[in-house]
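What follows is a short report on a single structure.
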Amino acid sequence: MKLFNTLTRKKEEFVSMVPGEVKMYVCGPTVYNYFHIGNARPFVVFDTLRRYLEYRGYKVIYVQNFTDVDDKIIKKANEEGVDSKEISERFIKEYFKDADALGIKRATVHPKVTENIQEIIEFIQKLIDKGFAYETQGDVYYDTTKFKDYGKLSKQSIEELEAGARIEVNEIKKNPMDFALWKKQKPGEPGWDSPWGKGRPGWHIECSVMSTKYLGETIDIHAGGQDLIFPHHENEIAQSEAYSGKPFARYWVHNGYITINNEKMSKSKGNFFTVRDIITEFEPEVVRFFLLSAHYRNPINFSRDLMKQSKNALDRLYNAKENLEHLMENVKVEKMTEEEISIFEGFKKYKDKFIKAMDDDLNTADAIAAIFELVKEINTKISGESSKEIVQKSYELLKELTGVLGFLSKEKELLDEEIQKLIEERQKARKEKNYALADKIRDDLRAKGIILEDTPQGVKWRRM
Ligand SMILES: Nc1ncnc2c1ncn2[C@@H]1O[C@H](COP(=O)(O)OP(=O)(O)OP(=O)(O)O)[C@@H](O)[C@H]1O
Ligand SMILES: [Zn+2]
């Protein structure tokens with residue numbers, strides 16, 4: 001597979017450090033609000049990269065952090081007159097509700113800053129000991145002039161960066177580009193004991209520390225939105241490479257923006273739609289489809305029209321799936337004919353196309369196009385006359401490819417009478433001592449979210 005590496009500005013063949021295993025870190029949300037569909041883009045895109053790597057046989061160790069110490073969290077906590085922990089814990093819960101709805105798989109680890117303070121302090125201390133950081137008046141800064149590669153990710157020299165930097169009055173830093181690793185506690189702020197007095201970590205240090213702790217000093221892929229290239233990821237490189245003397249991440253992958261009227265959607269500008277709001281109008285999977293409908297490095301301008309187009313496209317996929325499900329129950333012939341064997345070989349062409357698109361820097365737009373070509377073929381070549389085998393195989397192929405993108409996850413809801421009919425079949429199977437069939441019916445129902453309970457009054461059922 002090829003991935004565009006921001007570090008080299010080239011599409012490069014992806015080769016993992018350890019064969020068959022990928023260590024991947026994605027910068028996670030600052031938890032003080034519901035996330036908007038701009039924020040959702042990296043979560044969905046990199047979840048899809050993970051799913052694709054898994055599909056290709058890799059074991060993926062996936063870390064996505066929660067920034068649960070931050071100015072914006074503190075501000076919100078003070079506005080509400082509560083502890084910052086109350087705010088961050090609340091919005092971590094809300095994050096999972098929306099992320100689950102969007103089909104974003106849980107990371108292997110979701111570490112939080114507040115649970116890694118000791119590790120952060122030790123990391124900073126080592127940077128001080130090695131001469132890359134200095135303490136002044138209870139703050140600790142990273143000395144960017146000591147790191148010779150500073151600017152290598154954003155492709156700017158430190159002179160250029162310094163020329164563009166704002167010079168603030170009362171600056172206690174040695175150099176304009178130096179950034180805070182540790183911030184002295186101010187009134188009304190949370191603080192932890194440290195060798196430099198009570199304070200809290202700066203933003204950038206958390207990712208260096210948590211990435212090292214959970215994935216090691218060098219990782220395969222580090223990902224996030226393109227606004228993180230500078231300064232966040234530049235600073236992460238400076239911290240981690242000064243700390244370990246080793247390359248930090250081998251592939252840096254960044255997604256483009258979701259825009260509104262061609263301006264970046266962002267909380268500070270107020271031009272945003274939260275996922276929580278959008279999913280009152282569109283199914284969560286439509287949002288996911290919308291986010292994957294363009295190549296991840298291109299901007300997408302958000303509009304209701306595009307959302308409607310995504311809805312219609314996704315409906316077509318669901319129709320194809322439901323049509324195959326219906327045929328599976330109703331066709332008469334069991335085995336594939338010779339002709340069908342060659343028809344199915346033809347279908348596999350679209351799987352190759354899908355893989356080729358995904359191998360080309362995760363081109364989900366072309367991968368989706370390949371799925372639609374497959375659906376068109378299925379619709380013309382599969383009918384009530386087909387064999388059960390080819391219907392089944394086509395269904396599995398469709399589910400396989402859409403599953404990589406996280407589509408078609410919704411099972412059709414069973415109607416009450418269908419459930420009742422299956423329960424009667426199960427009772428009959430039990431009477432005939434066909435326990436295998438009875439258990440299968442119960443398990444199938446369970447997979448569709450229907451729970452059976454055997455009670456003295458007979459079998460009762462409920463939806464999960
Ligand atoms: N409009 C956008 N399009 C794509 N990605 C975005 C957009 N806005 C933020 N991101 C990404 O969302 C992720 C979550 O970041 P975070 O919670 O810190 O949001 P943020 O940068 O504070 O958002 P905002 O810019 O709205 O204030 C980051 O990877 C960030 O790059
Ligand atoms: Zn980060």
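Counting starts at 1 for both ligands and their atoms, in listed order. Since the model is a prediction, treat every value here as computed from it, not as a measurement.
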Give me the residue, atom name and distance of the protein heavy atom closest to atom 3 (N) of ligand 1. I258 N, 2.8 Å
Per-atom contacts of ligand 1 with P29, taking only distances under 4.0 Å to non-hydrogen atoms: 17 (O)
With no hydrogens and no angle check, do the side chains of Q239 and N235 hold a donor and an acceptor under 3.5 Å apart? no
Is the NZ atom of K356 crowded by more than 12 outside heavy atoms at less than 6.0 Å? no
Ligand 1 to N255, heavy atom cutoff 4.0 Å, flagged ligand atoms 4 (C), 5 (N)
What is the ring orientation for F43 with Y95, classed by angle as parallel under 30°, tilted 30 to 60°, or perpendicular over 60°? perpendicular
Assess A40 for proximity to ligand 1: is some non-hydrogen atom of it under 4.0 Å away? no
With salt bridge (charged side-chain N to carboxylate O under 4.0 Å, His left out) as the test, would you mind laying out the steps for K97 and E94 before giving the verdict? CA-CA 5 Å; K97 282 189 202 159; E94 302 297 353; 3.4 Å; yes
Give the residue and atom name of whichever protein heavy atom lies nearest to atom 18 (O) of ligand 1, and the separation in Å to one decimal. T30 OG1, 3.5 Å
I need the nearest protein heavy-atom contact for atom 12 (O) of ligand 1: residue, atom name and distance, please. N39 ND2, 3.3 Å
Donor on one side chain, acceptor on other, Y55 and E400, under 3.5 Å: yes
N or O contact, H36 vs ligand 1, cut-off under 3.5 Å: yes
Atom 28 (C) of ligand 1 has as its nearest protein heavy atom L228 CD1, 3.9 Å
Tell me if the centroids of the rings in H254 and H233 come within less than 6.0 Å of each other. yes
For Y25 and H222, run ring-ring contact (aromatic ring centres under 6.0 Å, His included): C-alpha distance rounded to whole Å, both residues' side-chain angles, the deciding distance at 0.1 Å, then the answer. CA-CA 5 Å; Y25 188 97; H222 195 117; 5.0 Å; yes
Nearest non-hydrogen protein atom to atom 25 (O) of ligand 1, with distance, is K264 NZ, 2.8 Å
Please calculate the SG(C207)-the Zn ion (ligand 2)-NE2(H232) angle and round it to 10 degrees. 110°
E236 N/O/S atom closer than 2.8 Å to the Zn ion (ligand 2): yes
Distance-only polar pair, side chains of D143 and T145, donor-acceptor under 3.5 Å: yes
Quick test of your reading of the model: are K23 and E21 salt-bridged, counting only N-O distances below 4.0 Å? yes
The Zn ion (ligand 2) contact by H204, N, O or S atom under 2.8 Å: no
Metal check, the Zn ion (ligand 2) vs C27 N/O/S, cut-off below 2.8 Å: yes
Within the 6.0 Å centroid threshold, strictly below: Y62 and Y214: no
Can you tell me if H254 contacts ligand 1 (heavy atom of the residue under 4.0 Å from the ligand)? no
Distance to 0.1 Å, residue and atom name: give those for the protein heavy atom nearest to atom 26 (O) of ligand 1. K267 N, 2.5 Å
Where the closest heavy atom to atom 5 (N) of ligand 1 is concerned, which of P299, G225, G38, S266 has it? G38
For T259, which part has a heavy atom under 4.0 Å from ligand 1: side chain, backbone, both, or neither? neither
Looking at side-chain heavy atoms only, is the closest gap between E217 and Y243 below 4.5 Å? yes
Per-atom contacts, ligand 1 versus P42 - under 4.0 Å to a heavy atom: 5 (N), 11 (C), 12 (O), 13 (C), 29 (O)
What heavy-atom pair brings P247 and T218 nearest, and what distance separates the two atoms? O-OG1, 2.7 Å
Test log, rule ring-ring contact (aromatic ring centres under 6.0 Å, His included), inputs Y52 and Y58: CA-CA 9 Å; Y52 185 62; Y58 288 100; 9.3 Å; no
Which atoms of ligand 1 sit under 4.0 Å from any heavy atom of M265? 1 (N), 2 (C), 8 (N)
Mark up the atoms of ligand 1 that fall under 4.0 Å of a heavy atom belonging to K72, in ascending order. 22 (O)
Provide, to 0.1 Å, the distance between atom 30 (C) of ligand 1 and the closest protein heavy atom, together with that atom's residue and name. D227 OD1, 3.5 Å
